[in-house]
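Each remark here refers to the structure printed beneath this line.
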Amino acid sequence: MNASQILHTAADIVGGERQGLNGPGREDFREIAAMWTADLTIRRDPTAALNGEDVAHMMSLLKKARSQCGVYNADDHLDDCGYAAIAGEVAAWRFE
């Protein structure tokens with residue numbers, strides 16, 4: 001697949017299938033931004049560089065936000081569980 005084909009495929013996905021699942025991008029991203037902002041505000045050390053646990057938390061929050069936009073998509077909930085489990089595993093490594 002060349003660069004032009006990749007761009008056309010991405011445009012078809014973003015403007016079609018994904019918009020149907022997740023709702024309009026501006027709404028979806030606004031909800032995700034609100035959740036990430038809240039999470040970054042309450043973390044143990046808001047001034048510290050992000051770590052793997054933070055990323056897993058943020059991805060979980062992305063899935064939570066997406067579950068409230070667009071149409072029902074079981075993957076939002078499955079992925080949320082997976083990201084939460086990864087966050088727990090990474091946290092356990094950091095505190096061992």
Side-chain angles (χ1 to χ4, degrees):
M1 190 178 263
N2 65 36
S4 179
Q5 291 168 318
I6 291 169
L7 289 170
H8 287 293
T9 301
D12 289 343
I13 291 169
V14 169
E17 175 189 339
R18 296 292 159 74
Q19 187 170 5
L21 281 176
N22 301 326
R26 73 177 162 270
E27 292 174 19
D28 182 31
F29 285 13
R30 183 182 61 232
E31 300 299 325
I32 294 165
M35 296 195 65
W36 284 8
T37 298
D39 185 64
L40 292 171
T41 301
I42 64 166
R43 57 197 283 260
R44 285 183 184 89
D45 181 357
T47 63
L50 296 177
N51 59 44
E53 182 184 2
D54 294 316
V55 172
H57 280 290
M58 292 171 78
M59 294 304 294
S60 175
L61 291 169
L62 177 144
K63 290 301 185 167
K64 284 177 176 51
R66 287 214 167 138
S67 75
Q68 301 302 307
C69 301
V71 299
Y72 170 76
N73 181 5
D75 282 348
D76 290 335
H77 303 284
L78 295 170
D79 290 348
D80 183 17
C81 291
Y83 287 126
I86 291 168
E89 186 173 296
V90 172
W93 293 335
R94 285 186 336 138
F95 292 104
E96 287 181 345

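Quick note: numbers below take in every heavy atom, side chains included, and nothing from hydrogens, waters or symmetry partners.
- With sequence neighbours excluded, the residues satisfying side chain to side chain donor-acceptor pair (under 3.5 Å) with S60 are K64, D80.
- The two atoms that bring E53 and A87 nearest to each other are CG-O, 3.8 Å, heavy atoms only.
- Residues forming a side chain to side chain donor-acceptor pair (under 3.5 Å) with E31 (at least two apart in sequence, or on another chain): none.
- Membership of the apolar cluster around M1 extends to I6, as traced through chained side-chain contacts below 4.5 Å between ILVMFWY residues.
- The distance from the CD atom of Q68 to the CD1 atom of I32 is 12.0 Å, given to the nearest 0.5 Å.
- Each side chain to side chain donor-acceptor pair (under 3.5 Å) pair with one or both residues in residues 33-44, not counting sequence neighbours, appears once here: R43-D54.
- In this structure, the side chains of M58 and L40 come closer than 4.5 Å at one or more pairs of heavy atoms.
- For H77, the side chain to side chain contact (heavy atoms under 4.5 Å, CB included) partners at least two apart in sequence or on another chain are S67, Y72.
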**Request:** Run the numbers on L62 and M35 for side chain to side chain contact (heavy atoms under 4.5 Å, CB included), then give the verdict.
**Result:** CA-CA 8 Å; L62 177 144; M35 296 195 65; over 6 Å; no
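- Under the 4.5 Å side-chain contact rule for hydrophobic residues, L78 and Y83 do not share a cluster.
- For the side chain to side chain donor-acceptor pair (under 3.5 Å) test, residues two or more places apart in sequence or in another chain that qualify with K63 are D79.
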